[in-house]
Amino acid sequence: MLRLHMKFSELFYTIQGEGKFVGVPSVFFRTSYCNLRCIWCDTPYTSWTPEDKDITVAAAVEAITQYECKHIVITGGEPFIQVKELTQLSQELNQRGHHITVETNATVFAPIAADLISMSPKLRNSNPAPDNRFFKRHERGRICPDVIRQFLDQYECQVKFVVDSPEDLVEIKELQVEIPIPGETIVLMPQGMIPEELQPKQEWLVEICKEEGYRYSPRAHVEIWGSKRGV
Ligand code: SF4
């Protein structure tokens with residue numbers, strides 16, 4: 001099984017920029033390919049024009065563990081679309097005592113070894129333009145209530161929403177009731193790929209979080225490095 005091959009895009013040691021472990025030194029392993037096509041995807045090299053680097057699970061484990069870092073973040077793209085490989089990789093890292101966060105768009109469920117499932121279900125603001133060939137597939141596939149429920153039932157979770165305008169709150173509250181999503185797991189983050197895009201959204205988003213009792217998350221990697229890769 002360790003000879004399984006994964007498609008990946010990058011591997012680097014940095015700090016976690018978002019969510020409950022913001023600031024924690026972490027090794028990021030970014031898988032390539034995604035089943036969605038967010039219009040503002042901040043890693044288009046894993047979705048719109050996916051990079052195609054190949055690595056065995058054994059080599060990935062070796063490369064990840066060379067940093068001797070407790071926290072590992074497996075991200076994408078969408079890691080769960082390479083489910084056999086992800087299962088094996090997470091198991092190997094778990095056996096070595098690492099804390100594993102898996103970041104996912106929450107459209108595919110599989111039982112894996114993870115300490116935190118960091119879901120980021122995509123709101124309407126992520127839809128590509130209606131005349132784009134991915135529009136229908138993205139709009140149909142972006143919210144999978146059963147998948148979100150399964151993760152919530154079986155793992156420690158956070159549910160991060162990327163918020164573009166105050167109007168997005170209506171959709172978030174509908175999902176919170178429909179799925180349902182416990183309010184204390186909800187994290188709101190401003191949409192933006194450079195600090196100048198984030199900045200004007202921060203103040204009103206903090207006010208929304210105060211009012212609704214949601215956690216606000218900065219996007220520290222964007223604030224520090226903008227859209228630079230591998231940091
Ligand atoms: S789910 Fe994530 S990786 Fe996939 S298109 Fe959206 S932002 Fe990009």
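Any value given below was found using the heavy atoms of this structure, including those in side chains, with hydrogens, waters and symmetry copies removed. Ligands are counted one by one from 1 in listed order, and the atoms in each one are counted from 1 as well.
With rounding to the nearest 0.5 Å, the separation of NZ in Lys53 from OG in Ser9 is 6.0 Å. To the nearest 0.5 Å, atom CD1 of residue Ile172 and atom CD1 of residue Ile186 are 7.5 Å apart.
Below 4.0 Å from some heavy atom of Lys122 lie the following atoms of ligand 1, by number and element: 1 (S), 6 (Fe), 7 (S).
When all heavy atoms of His98 and Cys69 are compared, the closest pair comes out as ND1-O, 2.9 Å.
Applying the side chain to side chain donor-acceptor pair (under 3.5 Å) rule to Glu18 yields the partners Lys160, Arg219; only residues at least two apart in sequence or on another chain are considered.
Near-neighbour remark for atom 8 (Fe) of ligand 1: protein N, O or S atoms under 2.8 Å are Cys41 SG; waters not counted.
For the salt bridge (charged side-chain N to carboxylate O under 4.0 Å, His left out) with Glu139, the qualifying choice from Arg142, Arg137, Lys136 is Arg142, the only one to do so.
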**Asked** Are Glu51 and Arg229 close enough, and set up right, to give a salt bridge (charged side-chain N to carboxylate O under 4.0 Å, His left out), and what steps lead you there?
**Response** CA-CA 13 Å; Glu51 292 174 347; Arg229 282 185 59 171; 2.8 Å; yes
